[in-house]
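Have a look at the structure below, then the notes.
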Amino acid sequence: MPLPRAVPAPTPAPRDPAQPLDTTWERKLARGAVAPDFTLDLHGHTLDAAHRRLDSGLIQAKAMRARVILLITGKPRPGAAADRGERRGAIRAKVLDWLAAGPHGSDIAAIRSAHRRHGGDGALYLVLRRRR
C-alpha cells in the first residue's frame, strides 16, 4: 500500500501593487489621523534641486524605517504638466513621474492626497511598504 503523499501548504497569493490599501489605512489617511513619520518639503526648490532632495529624503526616510512620509510639493496649477516646467506647480506636476521612474518606486505602497491639516492639495502622503 503506497504511503500518503504530503500535500504542500498553500502559498498566499502575491499582493497586487495596484490594489488599494486596506480600509483602515484608507480611513485614517482620509481623516488625517495618521501622523507622518517623516516630512520632506520640496516646496520652493528648483526642479533639479527638488528631484535631488526627493531621492536623498527617501533614502533617509527608509533608513529611519519611516512608514508614512508627508511630501510637501506645493499646490498644483491648472494646465498641462508639460507646460509647467518652470512655473508654479512644476514640482507637483513632476513628482509622480520621478517616483515611478526612480529607484524608490518599488518601496512605495501607496500615494494619497494629504489631509487639510497636513497641507491638503499642496502635499501628498507616501506610504512605504513594510520591510520584512
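These values consider heavy atoms only, across backbone and side chains, with no hydrogens, waters or symmetry-generated copies.
Heavy atoms only, all atoms of each residue included: Ala123 and Arg92 are closest at N-NH1, 3.6 Å. Residue Ala114 comes nearest to Leu70 through the heavy atom pair CB-CD1, 4.0 Å, listed as atom of the first residue, atom of the second, then distance. Here the shortest heavy-atom pairing between Gln60 and Arg53 reads OE1-NH1, 4.2 Å. The nearest pair of heavy atoms linking Ile69 to Leu40 is CG2-CB, 4.3 Å. The minimum heavy-atom distance between Pro103 and Asp55, with the atom names listed, is CD-OD1, 4.3 Å. Residues His115 and Leu29 approach most closely at CB-O, 4.2 Å, considering heavy atoms.
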Worked verdict on Ile91 versus His51 for side chain to side chain contact (heavy atoms under 4.5 Å, CB included):
CA-CA 8 Å; Ile91 293 172; His51 193 186; over 6 Å; no
Take Lys94 and Leu47, measure what side chain to side chain contact (heavy atoms under 4.5 Å, CB included) needs, and give me the verdict at the end.
CA-CA 8 Å; Lys94 301 285 185 187; Leu47 285 177; 4.0 Å; yes
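The closest side-chain heavy-atom distance from Ile72 to Leu42 is not below 4.5 Å. Side-chain contact between Leu99 and Ile108 is present, with at least one heavy-atom pair separated by less than 4.5 Å. Within the 4.5 Å cutoff, the side chain of Leu71 has no heavy atoms near those of the Phe38 side chain. Using a 4.5 Å heavy-atom cutoff, the side chains of Trp98 and Leu58 are not in contact.
Using a 30° and 60° split on the angle between ring planes, Tyr125 and His118 fall in the perpendicular class, above 60°.
Side-chain N or O atoms of Arg112 include none that pairs as donor or acceptor with a backbone N or O of Leu126 at under 3.5 Å.
Grouping the Ile, Leu, Val, Met, Phe, Trp and Tyr side chains by contacts below 4.5 angstrom, directly or via other members, places Met64 with Leu54.
When each of Arg130, Arg67, Lys62, Arg65 is tested with Asp107 by the rule salt bridge (charged side-chain N to carboxylate O under 4.0 Å, His left out), just one qualifies, namely Lys62.
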